[in-house]
Every structure is written in C-alpha cells, then in structure tokens.
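Contents: one structure, followed by commentary.
So you know, we letter chains A, B, ... as the sequences are listed, proteins then strands, and number each from 1.
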Amino acid sequence: MGLLNLFNKSSPSLLRLPAGSFTVDRSGALLAGTLPSSFPSELAREIARNILTSFREAAAAHLPLSELVIHYPSLKISARELRGGAVIFLTPKTSDSPLN
Amino acid sequence: MDDDPDVLETYRDLIAQLPSKPEVDTATSGSRAMVMLEDRAYRLLICDLKMPKMDGLQVLSIVRRKYPQIRTVAFTAVQDEQFRTRAYALGIDQFWYKPTNEQEIKLFQECLESLLGQEVETGFRGVQSKSLVDIIQLECMSQSSSLLRITNGALTGKIWILDGEVVDAETGDLRGEPAFQKIFSWHAGTFETLPAEPSRPRTIFKPYNGLLLECAQVLDESRSRAEQAPAKVDDSPLAALSQIEGIEFLLARNGDSKHQVNRGLENPKRIGAWSRQCLENFRALGERLQVGQLEQIEGTGPQRQVTLARHGKMEFCVGWKNSLPVEEIRELSKKVFALWDS
C-alpha cells in the first residue's frame, strides 16, 4: 500500500461557489441547507453573520427590512428575514446566466 | 505560475518561442510569485487557478490590486464557467482553458503575443484613469483629428477635434462652448475615440489651451463659491435628485472627506451609520469570497425599499417608494449616480 501511495499526488482544490440555500437562526447557527459539504461552513456562517447584522441594524435605525439582495459581478446573495433568523440563497452568476 | 513543474517547463518553452522572445520566470506557488513580483517589474502574469494554499483567484486578486499595470491571464484545466466569470470579475485580461491540441496552443501563443505587444504598440494602459484634460491635450498636441465620445452614466457628450483644435462639442441640448464646459465638469466616465468628422461645422474658435484654461477657471470659481457657502450648495444636487419620481429619501457621503448630505431623512446619523457599515461589511465579504467588487445592495421592507451603492468616492443610500418595481429602481439608481456626477 505504501508503494502505491508514492504515486498519489495530493490535488489542490479550488473553492467553487455553490448555488443553494441555507437557513440560520437568530444567533447565526446553521439549521438546514442545500449547500454541498465541500463549501466551508465557516464561510456560510460569515455570510449569515453579515446578513443578520444588516437586518438587525436596519431595524434599529427605524428602517425595518424583510429582504436583502447583494449583487457582486459573479454572485448574488438574497436573504429573507425569518423571525430573527434568515433564509439565504446563493446564486453564482456566469456569462450565460440571466441578469437578475 | 503553476504548481506542476512539468507544466511550467512546457509552457516556458512555448512562451519563449513567441516572436517577441520574452524573458520567462516561473513560480510553483502563489507566495513565491508574490516575492518575485516584489523584486522585479513584470509585464504579464500567467496564473494557474488550481493551486495549493494560495489559489489562483487569490493571487490574481492581490496582483490586480497591487500591480494594476501587469497584464494577467488565468489558466486552468478546470472546465467551469463560474471560475471564468469570477476571474473576469477580478479584472483579468484573459481566461484560458489549458490547450489540448496544437491548434489551441497556437491560438494561446498568438493571444499572449498580442497581450505583450499591446503595451508597446498602443502606449500606456489605464488611460481611462486620466482626466479629460489629459485626453484632450494628448489629442490636440499630436495634431490629431478625431471625435471623442464621453459617457458619464446615462449622459453622453461628444467633442470634435480637427487638426489639433477643438471645433465643436455637444451634450443634451447644449452645443459649442457651453456643451464643452458641461462635459468638462464631469468628474468621471468613459471615453472612446471615433473617426474624425472633418465636415462638422465649427462652433468653437478658441485655441484648445485657452479653452481648457477658461473651463478650469469657471470650475475653480464655482468650487470656491461652493466652499464659501457649503450648506447651500450641498443641498442643491440632492434637491435635483430628489425630484426623481419614487425617491423618498437620499443620503450621500464622500468616502474621503466623510462629508455627508441628506434629504428627506429624520434620523440621518443612524441610517448613515447603518449604510456605511453594510457597504463595508459586504465589500469585505466580496473580497473574502473572491466574487469581484460589491455592485449594489437592495433592501425591501414593509414601508419602503432601499438601495445602497458605492459610486466613485461617494456612498449612496436611497429610499424608494414600495410601489416601484425592482427593475425600475435599478434604472433610476443609475440615473441618480449619473446626475450626481454631472
């Protein structure tokens, strides 16, 4: 077995942005989702943290929001407020995807 | 740059065969490439995407920011449209799947030669970051004849240059010197050079340097008036913008001077702090995810909709009536930015 391992070259991975959704509670803990396991949960939590903070601080500034859409050139993040938590959709954009 | 030394050697040979005979250095990791870029000025970086530790997207993101003058080519065997989009979003020049046959290798070589040649043949890169004065001076001093079309958001202007002199200008309903002054006052935009129109009737008779000087003086005077009466002038652009149908409130903040103006807001401090924080958080998130620069944030609430965006040095937070469709808000947002620029 050790001999065979000599020919194994570890293959570096490139993080692919998944299309999918996940739900977080008000503390930012992941409840459920359709994201592949290859997508780091730490990144999902970081996205959720930013979304929840934005919803919370908007409400504190008397500008309550129920939905947020964040546009990047190659990714759209949509989030819907859900009793203090949120359901978050990730939609990678490619040259052949529709504009919105 | 590639983590596979065999691939590096193969491509080093291919690139060395180019007619311009470029000198080629190689690196097997992102960190090594960074050290090399610090040490020496390079013209072109060809970067594999799938790399251990620091992947190609990370390297390209840093290189585009730190060394904007270097031309960049992403190069990968991963056949995935998403990586192409993300790489272009970082501002690379070309994206290539690793060639698999002789014809593709030839095309790849031709494109590299063209990229290397562009710098020599067409002068400096990033001329779009020059001011309009620089561009007009370049055209006039070289005694050129051309038509410059300048676009600033939804606004478009044209400047006709004949044998090194500005002969006419046009934007909206304005023509001649007033049109030239209006275009001159735009802070940013894009331009393209179109073929000259020698038959264009001349409406501007001043020499180009006198014209530029006069416009600069008019702008200086209006700026100094603005400094003397900041409150009055700060309100005027917002007053014009808030006439756009559907706008409930508007807040604009200069990222450099931190100066903030608003219209229609009862609690501008809190909304301002929220929008700033949102823009900064999602800017940083975009960098972390390597998905390009944040374009826009849209929010929908029970009372109103809101758009947050950075446009040049300015940060905007615009509140819209809830009845407006999202597509219309996107179009109107572009109008807000264009009007602000003008």
Side-chain angles (χ1 to χ4, degrees), chain A residues 9-20 35-36 38-40 42-81 86 88 90-100, chain B residues 3-4 48-53 55-58 76 78 80-91 249 265-267 269-275 277-278 281-282 284-286 288-306 308-309 317 319 326-327 330:
Chain A
K9 191 187 165 198
S10 65
S11 172
S13 63
L14 195 57
L15 177 66
R16 195 178 192 285
L17 293 174
L35 298 180
S38 59
F39 189 69
E42 181 45 45
L43 268 185
R45 272 196 290 272
E46 194 174 329
I47 295 170
R49 202 162 41 239
N50 282 305
I51 297 281
L52 293 180
T53 307
S54 301
F55 277 135
R56 234 169 261 151
E57 290 180 4
H62 305 296
L63 187 69
L65 296 175
S66 52
E67 215 173 300
L68 271 174
V69 183
I70 300 103
H71 294 272
Y72 298 99
S74 56
L75 179 72
K76 182 172 93 168
I77 304 175
S78 317
R80 190 177 282 270
E81 205 266 348
I88 299 167
L90 303 184
T91 318
K93 296 183 198 170
T94 53
S95 51
D96 51 356
S97 60
L99 283 173
N100 300 321
Chain B
D3 59 324
D4 186 334
D48 180 30
L49 288 188
K50 206 172 172 186
M51 307 259 293
K53 292 183 186 163
D55 69 45
L57 289 172
Q58 287 171 312
T76 182
V78 184
D80 190 327
E81 196 57 29
Q82 186 191 101
F83 293 121
R84 179 199 289 270
T85 307
R86 286 169 68 192
Y88 276 123
L90 295 174
F249 68 79
L265 272 175
E266 288 168 17
N267 53 349
K269 270 193 177 174
R270 294 190 80 168
I271 300 268
W274 169 74
S275 65
Q277 194 60 52
C278 256
N281 286 350
F282 286 109
L285 183 67
R288 174 119 160 77
L289 296 171
Q290 297 158 353
V291 288
Q293 274 191 356
L294 174 66
E295 291 173 335
Q296 191 158 296
I297 302 172
E298 296 159 359
T300 307
Q303 293 148 10
R304 59 181 67 84
Q305 302 179 71
V306 65
L308 305 181
C317 174
V326 175
E327 293 74 22
R330 278 180 202 148

Under 4.5 Å, counting heavy-atom pairs only, tell me which of [options] racks up the most with chain B.
options                    : value
A/L75, A/L17, A/L63        : A/L17
A/E46, A/R49, A/H62, A/R16 : A/R16
A/A59, A/S78, A/A58        : A/A58
A/I77, A/L43, A/T53        : A/L43

Checklist line | Donor-acceptor contact present, side-chain B/T300 to main-chain A/S66, <3.5 Å | finding: no

Checklist line | Heavy-atom contact with chain B under 4.5 Å, split by part of A/A79 | finding: neither

Check: Can you tell me how far the CD atom of B/E298 sits from the CD1 atom of A/I70, to the nearest 0.5 Å?
Finding: 9.5 Å

Next item on the list: Mind jotting down which residue pairs meet the salt bridge (Lys or Arg N to Asp or Glu O under 4.0 Å) criterion with at least one end in residues 59-69 of chain A? Sequence neighbours excluded, please.
Entry: A/E67-A/R80

Check: Can you list the residues that meet the salt bridge (charged side-chain N to carboxylate O under 4.0 Å, His left out) rule with A/E81, with sequence neighbours excluded?
Finding: none

Please identify, among [options], the residue contributing the most non-hydrogen atom pairs under 4.5 Å to chain A.
options                       : answer
B/Q296, B/Q82, B/Q293         : B/Q82
B/R270, B/Q303, B/Q305        : B/R270
B/R86, B/Q290, B/Q58          : B/R86
B/N281, B/L57, B/V306, B/L285 : B/L285

Closest heavy-atom pair and its distance - [X], [Y]:
X     : Y      : value
A/A61 : B/I271 : O-CD1, 3.5 Å
A/S54 : B/C278 : OG-SG, 3.3 Å
A/L15 : B/F83  : O-CE2, 3.4 Å

Next item on the list: Would you indicate whether the side-chain heavy atoms of A/I51 and B/F282 approach each other to under 4.5 Å?
Entry: yes

Checklist line | Side-chain heavy atoms of A/I47 within contact of B/L289, under 4.5 Å | finding: yes

Check: Using non-hydrogen atoms only, which part of B/N267 is less than 4.5 Å away from chain A: side chain, backbone, both, or neither?
Finding: side chain

